[in-house]
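The analysis underlying the following values was restricted to heavy atoms, covering all of them including side chains, and did not include hydrogens, waters or symmetry mates. By convention here, the first residue in the shown sequence is residue 1.
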Amino acid sequence: MYFLLTDRFVDGDKTNNHEGQGGKYPSFDIPLKGTDGQRANVGYLGGDFKGVLNNAQYIKDMGFTSVWLTPIYDNPDQAFNGGEKVAFGEYYKDGGKTGYHGYWASNFYKVDEHLPSIGLTFADFTRQLKTHYNLNFVLDIVANHGSPSYTMIEDQPKFGEIYDQNDTLIADHQNIHPENLDPKNPLHSFFNTHTGLAQLSDINENNEAVLDYFEGAYLKWIAQGAHALRVDTIKEMPHHFWKKLFDRIRLHHPDIFIFGESYSYQAEFIAEHTRPENGGVSVLDFPGRKAITAIFENAESDYSNILTYLHLDDGMYQNPYELMTFYDNHDMERMNTTNEGFIDANNWLFTSRGIPVIHYGSEINFMTGTPEHKGNRNYFGQQRIEQAKHHIIHKELTDIANIRKNSVALQRGLQVNLQFNDDLADFYRVYQNNNENQTALVLLNKGKSEAEFNISRMLSAGLWTDALTGTTYNIGNDNQVLNTKVKGHGVKVLLFNHAIDNAELNALLIAQQNTLP
């Protein structure tokens, strides 16, 4: 999955930039200036559906099969005049910012005017992604909050307001502090009477009209081509709300894939969302992110320390193989490492358990180590995309992502670990389903120098093929040892397209499978 902030990817159509929008509180190009020429921005910068579609082949060629965009819904048209004024490098402040990121929706049934173009509606966009590039669209959904809703110097249009499919106002915070809202007022009953995140309106999870509203909105976008759902701030709403909402959506789309953002590094906590009684969704693997960055930001790290987050056979998650694995995103610091560190991280991410998510720009080590208001969300642009096509991270990412794209074992196989020590790691991914069998032997080297691997444990006899080069290794029954070398900061995936014949491996697979649903 390739994840991008639409406004910050590529400006494909300058006619939808609305550069003069906002009046007294302009919304386009609001720079935050740091030292030594550093810059961030909290205004709109022009990225749109056309910019994504113009580069869909670029995304596909890298080996991705899905594109996750930030929310598409209509946001307020001005910079927020309330809250605390944001400055370069400061956290958790919204004063002076705009809804360029899409998470401040005022109408969940309407596409924000900065995104479509003439002849390119949302439905056109998703259809072309699928028919021309075989890319699925992941819809980012929000139900916990709307836009900033109080502390405004003067009440601003759309802030604290929610509109329905007919553009009728159905909820209005009226620039009133949550504790002073009147639950008996129909315009206030959509909201809670306690504070939530920043000055955002906090949606009332116990109001049946809220469920009706979001069910209608998200079914509309699914009908227009959304293939899967990513749930923003899922931990901020109780399990019972999500269970009801997801049950409603699954009545119409029983097989839809849903994953949530529960920003916590505690596996026990985020695992709650994966239980059927709590909504039964996948989650972004934040504990995995912590372990991955600890390894690949530190060249002296030991590979064995990465195993802590996998939970392959302890029943921690309903299904650990469905978790979304990543090393950075738009809400945290980008991974702070070298080109080689990104290459090693990608080699791990695309071969180990889970579904990989890459944040736009990571293919060129873009804005290394920076958080949101220091450059994490900076504009990427067409020029950088053209440069990326010749970048070493992009090249190596393309190789391993396409190997995964063409290997059912790497996509869906159970993982059985062998040796993890110093700079080296090796493990199996095994997929067996009726007459379809594939085992991938993954060999990883995050060291500088070429390394030799001698694999004998649980190795099946027969023909193993290098997924990248096509080189074959014929392993006989009399001498079951596979000897090969892996370059520094390299990966080798050897595929075995037959049923396994090793009793020890088979026993481990059965035991692990018994812990899965």
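Residue Tyr473 holds its OH atom at 5.5 Å from OG1 of Thr471, rounded to the nearest 0.5 Å. To the nearest 0.5 angstrom, Lys492 atom NZ is 3.0 Å from Thr484 atom OG1. In this structure, OG1 on Thr274 lies 7.5 Å from CG on Leu323, to the nearest 0.5 angstrom. Note that CG of Leu516 is 9.0 Å distant from CD of Gln318, once rounded to the nearest 0.5 Å. Here CG of Leu397 is found 9.5 Å from CG of Leu349. Values are rounded to the nearest 0.5 Å. Taken from CG in Asn506 to CG in Asp501, the straight-line distance is 10.0 Å, to the nearest 0.5 Å.
The shortest distance between side-chain heavy atoms of His489 and Asn339 does not fall below 4.5 Å. Between Met335 and Thr368, the closest side-chain pair of non-hydrogen atoms is not below 4.5 Å. Residues Leu444 and Phe427 are in side-chain contact: their nearest non-hydrogen atoms beyond the backbone lie under 4.5 Å apart. Residues Leu418 and Met458 form a side-chain contact, since some pair of their non-hydrogen atoms from C-beta on lies under 4.5 Å apart. The closest side-chain heavy-atom distance from Leu4 to Arg8 is not below 4.5 Å. When side chains are defined from C-beta on, Gln415 counts as touching Ser352, because their heavy atoms get closer than 4.5 Å. Here the side chains of Thr195 and Asp202 are not in contact, with every heavy-atom distance at 4.5 Å or above. Using a 4.5 Å heavy-atom threshold, the side chains of Tyr91 and His373 count as separate.
Below 30°, between 30° and 60°, or above 60°: for His114 and Tyr44 the angle between ring planes is below 30°, a parallel geometry. Relative ring orientation between Phe80 and Trp104 is described as perpendicular, the plane-to-plane angle rising above 60° on a 0-90° scale split at 30° and 60°. By the 30° and 60° cut-offs, the orientation of the rings of Phe125 relative to Phe49 is parallel. Ring planes of His311 and Tyr317: perpendicular class, angle over 60° (limits at 30 and 60°). Taking the six-membered ring where tryptophan is involved, the planes of Phe286 and Phe326 are perpendicular, since the angle between them exceeds 60° and thus also 30°. In this pair, Trp464 and Phe496 present their aromatic rings parallel. The plane angle is below 30°, not in the 30 to 60° band.
Because its NZ or CZ atom is both nearer than 6.0 Å to the ring centre of Tyr360 and within 45° of the ring axis, Arg334 counts as a cation-pi partner of that residue.
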Residues Ile455, Leu494; criterion side-chain contact (heavy atoms from CB on, under 4.5 Å); working and verdict = CA-CA 11 Å; Ile455 307 297; Leu494 304 177; over 6 Å; no
request  = Check step by step if side-chain contact (heavy atoms from CB on, under 4.5 Å) holds for Ile358 and Met62.
outcome  = CA-CA 11 Å; Ile358 296 294; Met62 275 191 288; over 6 Å; no
inquiry  = I'd like to know whether Thr398 forms a side-chain contact (heavy atoms from CB on, under 4.5 Å) with Asp61, so could you lay out the CA-CA distance, the side-chain angles of the two residues, the decisive distance to 0.1 Å, and finally the verdict.
reply    = CA-CA 7 Å; Thr398 298; Asp61 287 347; 5.7 Å; no
message = One pair to check against side chain to side chain donor-acceptor pair (under 3.5 Å): Lys243 and Asn278. What are the steps and the verdict?
response = CA-CA 6 Å; Lys243 177 70 164 62; Asn278 295 333; over 6 Å; no
message = Run the side-chain contact (heavy atoms from CB on, under 4.5 Å) test on Thr439 and Leu495 for me, step by step, so that the C-alpha distance in whole Å, both residues' side-chain angles and the decisive distance to 0.1 Å come before the verdict.
response = CA-CA 6 Å; Thr439 298; Leu495 299 177; over 6 Å; no
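Within a 6.0 Å radius of CD in Glu452, more than 12 heavy atoms belonging to other residues, nucleotides or ligands are found. By the 6.0 Å contact criterion, CD on Gln266 is open, its count of non-hydrogen atoms from other residues, nucleotides or ligands being 12 or less. The number of heavy atoms from other shown groups lying within 6.0 Å of CD (Gln419) does not exceed 12. Atom CD of Glu450 sits in a crowded spot, with more than 12 heavy atoms from other residues, nucleotides or ligands closer than 6.0 Å. Heavy atoms of other residues, nucleotides or ligands lying less than 6.0 angstrom from NZ of Lys389 number more than 12. Residue-environment remark: OH (Tyr265) exceeds the threshold of 12 foreign heavy atoms within 6.0 Å.
Ring-centre distance between Phe380 and Phe366: below the 6.0 Å cut-off. Taking the six-membered ring for Trp and the full ring otherwise, Phe246 and His273 have centroids separated by 6.0 Å or more. Proximity of the aromatic rings of Phe3 and Trp68 is defined here by a centroid distance below 6.0 angstrom, and this criterion is met. Between Tyr103 and His330, the distance from one ring center to the other falls under 6.0 angstrom.
A salt bridge is absent between Lys374 and Glu333: the closest approach of a Lys/Arg side-chain nitrogen to an acidic carboxylate oxygen does not fall below 4.0 angstrom. Comment: Lys446 does not engage Asp302 in a salt bridge, judged by the lack of any side-chain N to carboxylate O separation of less than 4.0 angstrom. Under the 4.0 Å criterion applied to side-chain N and carboxylate O atoms, Arg289 and Asp285 are not assigned as salt-bridge partners. Salt bridge status for Lys487 with Glu396: present, with a side-chain N to carboxylate O gap under 4.0 Å.
Across Glu372, His359, His101, a single residue satisfies side chain to side chain donor-acceptor pair (under 3.5 Å) together with Arg377, and that is Glu372. Of the candidates Leu32, Thr35, Val42, Phe88 forms a side-chain contact (heavy atoms from CB on, under 4.5 Å) with just one, namely Leu32. The only option from Gln382, Arg384, His390 that meets the side chain to side chain donor-acceptor pair (under 3.5 Å) definition with Glu386 turns out to be Gln382.
A donor atom on one side chain and an acceptor atom on the other are found under 3.5 Å apart for Asn41 and Asp29. For the residue pair His145 / Glu236, no side-chain donor-acceptor distance below 3.5 Å is found, with atom types taken as modelled.
Checked by atom type and distance alone, the side chain of Asp7 pairs as donor or acceptor with a backbone atom of Gly46 at under 3.5 Å. Between the Asn319 side chain and the Tyr321 main chain, a donor and an acceptor come within less than 3.5 Å of each other. Checking side-chain atoms of Ser262 against main-chain N and O of Ile270 turns up no donor-acceptor pair under 3.5 Å. No donor-acceptor distance shorter than 3.5 angstrom exists from the side chain of Tyr309 to the backbone of Ile292, with no hydrogens or angles considered. With hydrogens and angles ignored, the 3.5 Å screen pairs no side-chain donor or acceptor of Glu322 with any backbone N or O of Ser282. Arg429 places a side-chain N or O within 3.5 Å of a backbone atom of Gly413 that can act as its donor or acceptor partner. Between the Glu90 side chain and the Ala87 main chain, a donor and an acceptor come within less than 3.5 Å of each other. For Asn378 (side chain) and Arg39 (main-chain N/O), a donor-acceptor pair under 3.5 Å exists by modelled atom type. In this structure, the side chain of Asn376 engages the main chain of Asn329 through a donor-acceptor pair within 3.5 Å. Without hydrogens or angle criteria, Glu84 side chain to Lys93 main chain gives no donor-acceptor distance under 3.5 Å.
Annotation: salt bridge (charged side-chain N to carboxylate O under 4.0 Å, His left out) contacts of Lys485 (sequence neighbours excluded): none.
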